[in-house]
Each structure stands twice: as C-alpha cells, then as structure tokens.
Trainee: 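Below is one structure. I have some questions about it.
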2 protein chains.
Amino acid sequence: MESTKVVQALASLAQVTRLEIYRLLVSRGPEGFSAGELVERLTIPGPTLSFHLKALANAELITARKESRFIYYAANFSQMNELVTYLTQNCCSLGAVCDPVCSPGKYLRPKKSA
Amino acid sequence: MESTKVVQALASLAQVTRLEIYRLLVSRGPEGFSAGELVERLTIPGPTLSFHLKALANAELITARKESRFIYYAANFSQMNELVTYLTQNCCSLGAVCDPVCSPGKYLRPKKSA
DNA sequence: AAATTAATTTTATTATTCTGGAAATATGGA
DNA sequence: TCCATATTTCCAGAATAATAAAATTAATTT
C-alpha cells in the first residue's frame, strides 16, 4: 500500500461519525446498509452522511453497490488488512533487539506481577 | 480502547509527516530516536517536529523518555495493537454469514482445529 | 408524464489543523 | 557563572475539513 493512500485511509477513519459508520458496516458484513438505513441508524442529515461515505469510499475502506434506487455500502475488509499490515510492518528493522515487542496480540496478556 | 481515543490515534497517524515519524520509530524499536536525530533524518524544522511528536505522544502511539538533555521517542507497540483490535473486531456481529471475509490473512493457512 | 423516493452535489459558513520563525526553557560543560 | 546545545512553546498566517440547507440527479411507481 502506498503511503499517500495510507494517510487517506487513516484520515477517513479519524473522524467520530465516519468511524461510527465504518464500525457499523464492519458489524454488518458484506451485505451492507443502504444510505437511507445509515441515516436512520445514525440519525444524521443525508448530506452529512453522503460527505462522509464519499471519504470512506475514496479511501477504499468501504464499497458502494447500486441496486435499483438504493446504494448499499459495505466494509472492504481487505483494504483494512492492508492498512494494518502497513502500520505494523518493519518493526525493529533497523537492527535493535526487540523480540516480544513486535508481534501483536501474542504477548499482551496482563501479568499479575509487574 | 475508547472511541474518542481511537479517533485521536487515527488522526495522529493521518498526516504524512507524522506517519513518517511513526514508521521511522517502529523500524527503530524500543531504543528510539532523539528529537534531534529525527530533525536530521526527516529534514524538518524543530518546531514542526515538536508539534507532530506531541500529537503522537498524546495519542500514546509513541513514548518520550528524557535522558540528560535529550528526549528519546519510541513507538508504543501495545497502543498500536489495541488500535488494530478496535478496527477489526465485531466483524459480521450483526448476524451475516461471512467467515472468510473477517480474517483474510488467517484463512490462507488452514487451522489445526476444526 | 407527473409524482415519489433515494441519494448526491453545490454552496456558504464555521471550525480545526499545519507550518515555521522568534522567544523560552532546561541541561551540561568551560 | 556564562555559553552552547537540545528541545519546546508561542504566535499568526495559510490551508484544510465539517456541517447542513437548498438544489440536483436518478430510478420507480402510478
């Protein structure tokens, strides 16, 4: 993933309303929600929603598919995975010793001793 | 992780210079780079760097440790892991069927348990 | 073809963020 | 103490982003 695209993707998520939209679409899965359903669920004005959907779609974090009068929006999971890869790769590649630090999820269970 | 903290973390990365700083610190590991070393490597003015470091530090994506006159900045990997967890969790939790969609990186390597 | 419905684009206003020079703070050395 | 070094804070202008009402496009129904 190219760095300007990464910035775009991050910026598209770095906004309360858009993050909410994205999370709702993640929980929904591939079927997606129409713009109207999102307006209802999030109780925000149409133009505002449209503005935010555009940002997420331009960043390719969501996809849009038109079905008759409706436009269904769904999370694009592969783009999120590429983003995560970009953010976590090259850990300690400059040579430092940092074995447990780099691997996500693997070491992070709170210990009783500290 | 709380959603306003998530937005803050995403915003702190959604900027070319800050993303560059963060990635450099990721590649460096726990030892970190001093502000001066970062000014040199990134060729940006001190005040500009300081402004961006503050944003990343407030978001807890990097840590600062003072050592004599120097301040060493290092990536905070556990915060990134929490961020990634937040962004990827609850996939399809609203009931849709979408098994391979949620963890694309994982299904390439078949699980041992059924 | 008119009316209805779904959603977007345009637009103006407001709010926030970025940038870097000049001044300020803090530490260590002569 | 005085000086150099490391870094930050202050400030003001420039740039960018968010909001939502009004106008617009597009598809469907009657």
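Keep in mind that the numbers below use all heavy atoms, side chains included, and drop hydrogens, waters and symmetry copies.
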Trainee: Can you identify which nucleotide, out of dT5(D), dA20(D), dT4(C), has its nearest atom closest to the P45(A) side chain?
Mentor: dA20(D)
Trainee: If I take atom CZ in residue F70(A) and atom P in nucleotide dA7(C), what distance separates them, rounded to the nearest angstrom?
Mentor: 6 Å
Trainee: Take the protein atom CG of L49(A) and the nucleotide atom C1' of dA7(C), then report the distance between them rounded to whole Å.
Mentor: 9 Å
Trainee: Does dT9(C) have its OP1 or OP2 closer than 4.0 Å to a side-chain nitrogen or oxygen of K54(A)?
Mentor: yes
Trainee: On the six-membered ring of Y86(B), is R23(A) placed so that its NZ or CZ lies under 6.0 angstrom from the centre and within 45° of the ring axis?
Mentor: yes
Trainee: Between P on dA6(C) and CD on E40(A), what's the gap in Å once rounded to a whole number?
Mentor: 10 Å
Trainee: Quick check on dT19(C): is either OP1 or OP2 less than 4.0 Å from any side-chain nitrogen or oxygen of H52(B)?
Mentor: yes
Trainee: Out of dA26(C), dT9(D), dA27(D), which has the shortest distance to the side chain of K66(A)?
Mentor: dA27(D)
Trainee: Is T48(B) close enough to dT19(C) that one of its side-chain N or O atoms is under 4.0 Å from OP1 or OP2 there?
Mentor: no
Trainee: Using a strict threshold of under 4.0 Å (side-chain N to carboxylate O), is an ion pair present between R18(B) and E20(B)?
Mentor: no
Trainee: What is the distance, rounded to the nearest whole Å, between atom CG of L13(B) and atom C1' of dT17(C)?
Mentor: 16 Å
Trainee: G46(B) near the nucleic acid: base, sugar-phosphate alone, or nothing, with a heavy-atom cut-off under 4.0 Å?
Mentor: base
Trainee: Let's see if you can work this out: which of dA20(D), dT8(C), dT8(D) has an atom nearest to the side-chain heavy atoms of A35(B)?
Mentor: dT8(D)
Trainee: Identify whether the distance between the nearest side-chain nitrogen and carboxylate oxygen of K5(B) and E82(B) falls below 4.0 Å.
Mentor: no
Trainee: Is there a side-chain contact between R18(B) and the phosphate of dC18(C), meaning an N or O under 4.0 Å from OP1 or OP2?
Mentor: yes
Trainee: For F51(A) and dA7(C), what is the distance between atoms CZ and C1' respectively, to the nearest whole Å?
Mentor: 16 Å
Trainee: Taking atom P of dA6(C) as reference, at what distance in whole Å does atom CZ of F33(A) sit?
Mentor: 16 Å
Trainee: Tell me whether Q89(A) at atom CD has more than 12 heavy atoms from other residues, nucleotides or ligands lying less than 6.0 Å away.
Mentor: yes
Trainee: Could you tell me the separation between the CG atom of L42(B) and the C1' atom of dC18(C), rounded to a whole number of Å?
Mentor: 16 Å
Trainee: Testing the basics here: between V39(A) and G46(A), what is the closest heavy-atom pair and its distance to 0.1 Å?
Mentor: CG2-CA, 4.1 Å
Trainee: Would you tell me if any nitrogen or oxygen in the side chain of S68(A) comes within less than 4.0 Å of OP1 or OP2 on dT28(D)?
Mentor: yes
Trainee: For L10(B) and dT17(C), give me the distance from atom CG to atom C1', rounded to whole Å.
Mentor: 16 Å
Trainee: Could you check R69(A) against L53(A) and say which one's nearest nucleotide on DNA chain C is further toward the 5' end?
Mentor: R69(A)
Trainee: Mapping Y73(B) and T17(A) onto DNA chain D by nearest heavy atom, which one lands closer to the 5' end?
Mentor: Y73(B)
Trainee: More 5' along DNA chain D: I71(B) or I44(A), using each one's nearest nucleotide?
Mentor: I71(B)
Trainee: Provide the closest heavy-atom pair for Y72(A) versus S34(A) in the form atom of the first, atom of the second, distance.
Mentor: CD2-N, 3.6 Å
Trainee: Looking at Q15(B), does any N or O in its side chain come under 4.0 Å of the phosphate oxygens OP1/OP2 on dA15(D)?
Mentor: no
